[in-house]
K.L.:
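Sharing a structure, written as C-alpha cells. Questions coming.
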Amino acid sequence: MTAILSNLQAVRRAVTEAATAAGRPRDAVRLLAVSKTFPAASVSEAYQAGQTAFGENYLQEALDKIGTLRELPLEWHFIGPIQSNKTRPIAEHFAWVHAVDRLKIAERLSAQRPESLPPLNICLQVNVSGEASKSGVAPQDVAQLASELVRLPRLQLRGLMAIPAPTDDPAQQRAPFVQMRELLATLNAQGMQLDTLSMGMSHDFATAIQEGATIVRVGTAIFGARNYGGEQ
Ligand SMILES: *Cc1c(COP(=O)(O)O)cnc(C)c1O
C-alpha cells in the first residue's frame, strides 16, 4: 500500500471518528486534500485512492497541475492569498476560492467568472484571534463584507474560512473554531444561508470538526512533510 493511500485512509478514519464523537453525520464534513508543493503524480495517486477535491495555494503551480490532470474529474480549490492581478485565472480554473477578504478581489472574481461555468464558490476569510496569517477580515467587519459579497452575481458565498495560529494545546485550538461557529450562526440568523465552515488542518482538524467544520483542509497528514524550495 502506498503512503498516500494509507495516509488518506487514516485521515478519513479520524474524520469519521471526530464527526461521530460530535454527533454529526460523516458526510457533513468534506476532506480537502491540500496538494501544494506536491507533484501532479501525488494528486493522481490520491485520486486513485478516491480523493477528488484538492486545495492549492500557489497559482502557477496549481495551473500546471490542473493542466496536467485535466482528464481527471477533480474539483480544485484555491486556498492561498489572492493578488488582484491574478484573479482571472483563478476565476477560470477553480471551483472554490477560500481566502476572500476584500470586496475588490471578489468583484474581480465575479466579473471574470466565465458564463459557461457555475458561480464560483467562495468563503470569506476571518482573522480570528491568534490568526497565523495577517490576512482575513476582523470578526466585527464580517457581516458588512458578507452582505456585499452575496450581491455579486457570479459568486456564491458559501461561508467562512480561518487559519488559526498552530498550537498543540487543545483548549487554545478550540477557541477560534468556536468563534467561527458563532459568527456563521450570527450571519444565518440575519437571513444569510451559509453552509460552510472551512477550518481545521493536519494538526487540529479533529477539534475543528467538533466545532462544526464542514471542510477540513489537510495537507501534511496526507502527502507528508512539505519541502519548500525555490521562490516559495
Ligand atoms: C498549507 C495549508 C493547509 C494544509 O496544512 P497542513 O498542516 O499541511 O495540513 C491548509 N490550509 C491552508 C490555507 C494552507 O495554506
Side-chain angles (χ1 to χ4, degrees), residues 3-4 6-15 18 29-39 42-43 45-46 49 51-63 65 74-83 86 90 94-102 105 109 120-137 158-170 172-174 176-177 180 196-232:
I4 290 175
S6 62
N7 289 348
L8 256 176
Q9 289 175 340
V11 170
R12 286 180 187 137
R13 265 197 305 276
V15 167
V29 185
R30 286 189 76 196
L31 175 61
L32 181 66
V34 177
S35 45
K36 65 181 177 212
T37 79
F38 288 93
S42 299
V43 174
E45 204 175 319
Q51 179 66 30
T52 54
F54 293 88
E56 290 281 339
N57 291 56
Y58 309 109
L59 184 58
Q60 192 51 54
E61 180 197 336
L63 294 175
K65 277 179 239 182
L74 305 180
E75 182 181 278
W76 293 98
H77 294 228
F78 193 78
I79 64 173
I82 307 152
Q83 295 168 4
K86 301 273 178 67
I90 294 174
F94 289 83
W96 283 71
V97 178
H98 286 237
V100 174
D101 64 358
R102 278 183 289 159
I105 295 280
L109 289 170
L120 181 61
N121 296 294
I122 61 164
C123 293
L124 193 168
Q125 185 179 359
V126 187
N127 193 330
V128 289
S129 49
E131 176 103 8
S133 75
K134 293 283 172 280
S135 42
V137 296
R158 297 293 297 266
L160 305 177
M161 177 269 205
I163 314 172
T167 164
D168 292 326
D169 173 2
Q172 280 186 47
Q173 272 180 8
R174 193 172 301 276
F177 297 142
M180 289 285 285
T196 300
L197 278 176
S198 167
M199 60 188 196
M201 305 174 23
S202 290
H203 61 283
D204 59 8
F205 69 83
T207 311
I209 288 169
Q210 286 166 17
E211 296 305 334
T214 64
I215 298 180
V216 291
R217 309 177 309 264
V218 179
T220 310
I222 296 171
F223 294 106
R226 282 181 294 275
N227 183 2
Y228 288 95
E231 84 274 29
Q232 284 146 21

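Just so you know, ligand 1 is whichever comes first in the structure, and atom 1 is the first atom listed for that ligand. Note: hydrogens, waters and symmetry copies are ignored here, and every other heavy atom, side chains too, is used.
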K.L.:
Please identify which of these residues, Met161, Arg30, His77, meets the side chain to side chain contact (heavy atoms under 4.5 Å, CB included) condition with Arg217.
P.N.:
Met161
K.L.:
Listing by chain and number, which residues have a heavy atom under 4.0 Å from ligand 1?
P.N.:
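Residues near ligand 1: Val34, Lys36, Asn57, Ile79, Met161, Ile163, Met201, Ser202, Arg217, Val218, Gly219, Thr220, Arg226.
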K.L.:
Any salt bridge linking Lys36 with Glu61? Criterion: basic side-chain nitrogen under 4.0 Å from a carboxylate oxygen.
P.N.:
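No salt bridge links Lys36 with Glu61.
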K.L.:
CE/Met201 to CD/Gln173 distance, rounded to the nearest 0.5 angstrom?
P.N.:
11.0 Å
K.L.:
Are any side-chain N or O atoms of Thr196 and backbone N or O atoms of Ser198, one a donor and one an acceptor, separated by less than 3.5 Å?
P.N.:
no
K.L.:
So do Val29 and Phe205 actually touch side chain to side chain, heavy atoms under 4.5 Å?
P.N.:
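No; the side chains remain at least 4.5 Å from each other.
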K.L.:
Identify the residue among His98, Gln125, Met199 that makes a side chain to side chain contact (heavy atoms under 4.5 Å, CB included) with Ile163.
P.N.:
Gln125
